[in-house]
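Proteins come first, then strands; the chains are lettered A, B, ... in the order of their sequence lines, and each starts at number 1.
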Number of protein chains: 2
Amino acid sequence: MTDTPTRPATSVDVARLAGVSQATVSYVLNDRPGARVGEETRRRVREAAETLGYVPHASARSLRTGRSGLVLLALSVAPTGRLVAGILDDLEAAFRERGYTLVQYGERRLRGVTAARAWAELRPVAVIAETYRLTEAAVRLLRSSGVRAVVGFGEGPSPLVATSVIDHAEIGSLAAGHLHDRGRRRLAAIVPKEEGLRKMGLGRLRGAERAAEARGLTVERVDLAFDEDEAAAAVAAWRSRDPGERPDGVFAYNDDYAMLLMSALLDAGVAVPGDVALAGCDDLPQARFTRPRLTSVRVESPPPDAGLVAAVDAAIRQERPLNPGEVLSRVQCALIARDSS
Amino acid sequence: MTDTPTRPATSVDVARLAGVSQATVSYVLNDRPGARVGEETRRRVREAAETLGYVPHASARSLRTGRSGLVLLALSVAPTGRLVAGILDDLEAAFRERGYTLVQYGERRLRGVTAARAWAELRPVAVIAETYRLTEAAVRLLRSSGVRAVVGFGEGPSPLVATSVIDHAEIGSLAAGHLHDRGRRRLAAIVPKEEGLRKMGLGRLRGAERAAEARGLTVERVDLAFDEDEAAAAVAAWRSRDPGERPDGVFAYNDDYAMLLMSALLDAGVAVPGDVALAGCDDLPQARFTRPRLTSVRVESPPPDAGLVAAVDAAIRQERPLNPGEVLSRVQCALIARDSS
DNA sequence: TTGTACGCGTTATCAG
DNA sequence: CTGATAACGCGTACAA
């Protein structure tokens with residue numbers, strides 16, 4: 001009864017116990033169609049693997065085959081929130097079905113090439129990362145380290161990589177169009193001051209502007225931090241204007257900002273939607289708990305995000321390369337009208 | 001000018017370009033203290049690595065050294081929400097500082113041993129997973145595949161593994177104590193009907209009961225799904241009782257449920273906090289946007305979660321084993337009193 | 001039908 | 001101070 005700290009079992013151990021060669025173990029466990037192995041032998045191998053608790057060594061396999069089977073998802077979950085969290089499960093299942101292993105790699109603190117280097121060390125077959133992180137140098141590094149598919153996520157099309165796009169402009173456009181439909185004529189759109197959100201805010205603003213322009217209106221840009229005092233100040237600033245100059249329809253970037261703004265408006269005695277109609281984005285569960293209930297643009301990915309996964313898979317097996325600039329999948333938007341507008 | 005699809009550069013390539021042996025490259029790039037290499041040679045090696053875009057191959061290294069440096073975090077982000085998202089960054093930075101690579105592995109759909117097998121294939125040095133997933137079989141499999149540190153996360157201490165604990169009882173206790181301090185005597189606690197939340201809900205209920213008992217009170221258990229109609233029904237049920245039998249202080253499990261309940265109460269004309277005081281948990285940003293503002297128990301991990309990381313590190317380098325049952329770190333709770341109580 | 005031998009990229013040992 | 005060489009665990013062509 002040796003009490004060695006039981007080194008993990010290798011395929012050689014399995015072979016020894018089953019009384020066959022290591023190659024046979026490999027044939028049986030991956031059941032290669034080419035190799036014909038006796039039924040009895042297979043059973044013995046399987047049994048031996050079972051009793052030893054054998055688990056193949058992913059590193060060794062990837063070193064031998066030259067493919068890690070790793071799909072690296074490098075998204076910062078926190079800010080993106082709900083949307084990404086929901087997508088994750090589906091994405092994981094879809095990749096797993098095709099034999100890949102989806103792994104998430106935060107590293108929000110590493111920038112640019114440094115992050116890319118960290119990713120590249122794992123030799124993933126694919127990297128899916130927020131588009132803004134995929135600088136030219138980063139993409140070059142990934143490509144040269146053997147990554148077969150580099151996909152941007154979140155922002156608009158990029159000239160560097162294929163992307164899965166959230167069309168922020170459409171979100172803004174949907175919201176602005178809705179506010180106009182509800183009879184609002186003096187529109188405003190919040191742009192968050194927070195770095196990392198601002199870019200998306202500008203995209204949404206641009207969409208709102210386009211929709212407004214098509215209807216002969218303009219959109220007032222309001223930069224706002226996620227802070228109660230700032231919100232109160234913004235509301236006070238509006239109230240100090242002539243009534244005819246105050247916005248009467250506000251797209252608040254997202255539901256969080258919309259709720260912030262709604263509380264500031266109600267505190268100041270501004271009626272919602274009477275004086276100001278409000279629309280957010282994300283369709284948070286909490287959006288239904290405000291009074292009035294919050295109108296919101298719901299953003300959701302196409303079911304198992306099949307387009308993306310299939311395209312990545314094809315690129316990995318080098319059937320069809322991913323073209324820079326290509327849009328692999330587009331997140332869907334829909335306006336959920338409630339009482340705040 | 002060959003146009004080969006540039007195979008990733010290996011350390012041999014670097015050696016060739018620098019005109020040294022491959023071993024020297026290894027010495028220089030990892031600067032091993034033992035080996036003395038000339039300054040000029042080091043420079044040449046570094047330069048060669050740079051121009052080739054050399055990135056070490058993690059699989060090869062881990063195969064050779066027997067250590068992957070991978071710390072696997074197997075948490076389902078979505079349900080745990082905000083708390084975990086915040087912790088993640090700190091955890092990642094802390095592990096990185098010590099030379100590990102934190103990687104997140106969702107796989108929420110795989111159960112028990114199947115999930116453990118998938119994790120084990122990557123030969124991580126440590127696995128941090130929700131405690132309920134770490135069954136005896138799973139832990140055995142992980143241990144036998146060489147994982148040096150297995151840590152449970154989220155629920156109370158486990159007899160199988162060391163854990164990082166969120167003390168749900170304390171959360172309930174804090175909330176109930178606070179409600180009592182505010183003069184409430186007929187307490188109730190929400191227990192979510194959702195599978196996966198219920199267990200935590202029961203833990204929080206138990207804590208509330210303990211605190212109540214110490215003050216000569218009891219706590220009414222209210223099972224509730226996250227649904228507006230159910231909330232309205234619960235409120236209606238309360239209102240149909242004698243006034244002296246209605247709860248006047250409710251701990252609503254978390255802020256989401258508290259907001260749900262608050263909207264149902266206000267819809268029914270029940271004053272908050274006049275008739276019913278309300279407390280949630282998580283201190284969501286949105287908790288400050290309700291009127292009245294929501295009292296909440298804030299839950300946060302000790303700064304960079306130093307205890308956990310240090311203990312895991314020590315276990316990995318086999319300095320101090322992790323004892324089953326041991327509590328490595330305990331999430332901190334604090335009550336944030338606002339207007340709803 | 002099964003076993004042998006080799007190589008993937010790294011690191012560590014040991015001889016020069 | 002530097003350069004061969006072996007070994008890590010696995011997959012597969014080829015020999016038996």
Side-chain angles (χ1 to χ4, degrees), chain A residues 7-45 48-49 52-70 99 120-125 144-146, chain B residues 6-45 48-49 52-70 99 120-123 125 144-146:
Chain A
R7 191 180 43 75
T10 73
S11 61
V12 174
D13 298 329
V14 176
R16 201 161 25 226
L17 181 57
V20 300
S21 85
Q22 182 271 339
T24 307
V25 172
S26 184
Y27 285 141
V28 172
L29 263 33
N30 308 336
D31 48 22
R32 307 280 325 158
R36 312 200 65 72
V37 179
E39 200 47 59
E40 166 61 12
T41 310
R42 303 178 97 89
R43 211 190 45 69
R44 281 219 318 282
V45 169
L52 288 179
Y54 170 72
V55 176
H57 192 307
S59 290
R61 169 181 282 150
S62 95
L63 191 57
R64 174 63 240 210
T65 60
R67 258 191 215 26
S68 67
L70 230 49
E121 290 192 0
L122 298 179
R123 293 290 193 278
V125 289
S144 79
S145 81
Chain B
T6 32
R7 192 181 41 76
T10 72
S11 59
V12 175
D13 299 328
V14 176
R16 202 164 21 230
L17 181 57
V20 300
S21 88
Q22 184 274 339
T24 308
V25 173
S26 184
Y27 283 139
V28 172
L29 262 35
N30 308 336
D31 47 21
R32 312 276 324 156
R36 313 199 63 73
V37 178
E39 200 47 59
E40 166 60 13
T41 310
R42 303 177 98 91
R43 211 190 45 69
R44 281 219 318 282
V45 169
L52 288 178
Y54 169 72
V55 175
H57 194 306
S59 290
R61 169 182 283 150
S62 97
L63 189 57
R64 171 62 241 211
T65 61
R67 223 167 250 112
S68 66
L70 229 53
E121 289 192 2
L122 297 179
R123 294 289 194 277
V125 289
S144 79
S145 80

Quiz item: Where do B:Ala120 and B:Ser145 come nearest, in terms of heavy atoms and distance?
Solution: CB-OG, 3.3 Å
Quiz item: Pick the nucleotide of DNA chain D nearest each of B:Gly19 and A:Ala60; which residue has the one closer to the 5' end?
Solution: B:Gly19
Measuring to OP1 and OP2 of [N], would you say a side-chain N or O of [X] lies under 4.0 angstrom away?
X: A:Thr41; N: C:dT2; answer: yes
X: B:Thr24; N: D:dT2; answer: no
X: A:Ser21; N: C:dG3; answer: yes
X: B:Ser59; N: C:dC8; answer: no

Measure from [atom1] on [X] to [atom2] on [N] and round the result to the nearest Å.
X: B:Arg43; N: D:dC1; atom1: CZ; atom2: C1'; answer: 18 Å
X: A:His57; N: D:dG11; atom1: NE2; atom2: C1'; answer: 15 Å
X: B:Asp13; N: C:dG9; atom1: CG; atom2: P; answer: 8 Å
X: B:Arg7; N: C:dG7; atom1: CZ; atom2: C1'; answer: 13 Å
X: B:Glu40; N: D:dC1; atom1: CD; atom2: P; answer: 14 Å
X: A:Glu121; N: C:dT10; atom1: CD; atom2: C1'; answer: 13 Å
X: A:Leu63; N: D:dG11; atom1: CG; atom2: C1'; answer: 11 Å
X: B:Arg16; N: D:dG3; atom1: CZ; atom2: C1'; answer: 15 Å

Quiz item: Quick one: side-chain contact (heavy atoms from CB on, under 4.5 Å) partners of A:Glu40, sequence neighbours excluded?
Solution: A:Arg43, A:Arg44
Exercise. Check side-chain contact (heavy atoms from CB on, under 4.5 Å) between A:Leu17 and all other residues, then give those that pass, not counting sequence neighbours.
Key: A:Ala48, A:Thr51, A:Leu52
Quiz item: side-chain hydrogen bond (donor to acceptor under 3.5 Å, both in side chains) with B:Thr65: which residues, sequence neighbours excluded?
Solution: none
Practice problem: Tell me, please, which residues at least two apart from A:Ser68 pass side-chain hydrogen bond (donor to acceptor under 3.5 Å, both in side chains). | Solution: none
Quiz prompt | Listed once per pair and sorted, the salt bridge (Lys or Arg N to Asp or Glu O under 4.0 Å) pairs that draw on residues 54-65 of chain B, sequence neighbours left out | solution = none
Test item: [X] and [Y] side chains (from C-beta on) under 4.5 Å apart, heavy atoms:
X: A:Asp31; Y: A:Arg42; value: yes
X: B:Arg123; Y: A:Ser59; value: no
X: B:Val125; Y: B:Arg67; value: yes

Quiz item: Contact class for A:Gly38 vs. all strands (heavy atom < 4.0 Å): base, sugar-phosphate, or nothing?
Solution: sugar-phosphate
Quiz item: If you look at every strand shown and take non-hydrogen atoms under 4.0 Å, does B:Val20 touch a base, only sugar-phosphate, or nothing?
Solution: sugar-phosphate
Are there any protein N/O atoms within less than 3.5 Å of an N/O atom in nucleotides 11-13 of chain C, and if so, which ones and at what distance?
residue : atom : partner : partner atom : Å
C:dT11  : OP1  : B:Asn30 : ND2          : 3.2
C:dT11  : OP1  : B:Arg61 : NE           : 3.0
C:dT11  : OP1  : B:Arg61 : NH2          : 3.0
C:dT11  : OP2  : B:Ser26 : OG           : 3.1
C:dT11  : O2   : B:Arg64 : NH1          : 2.9
C:dT11  : O4   : B:Gln22 : OE1          : 3.4
C:dT13  : O4   : B:Tyr27 : OH           : 3.2

Quiz item: Given axes from five pairs at either end, by how many degrees does the helix from C:dT1-D:dA16 to C:dG16-D:dC1 bend, rounded to 10°?
Solution: 50°
Exercise. Could you check A:Leu63 against B:His57 for side-chain contact (heavy atoms from CB on, under 4.5 Å), going step by step and ending with a plain yes or no?
Key: CA-CA 9 Å; A:Leu63 191 57; B:His57 194 306; 4.2 Å; yes
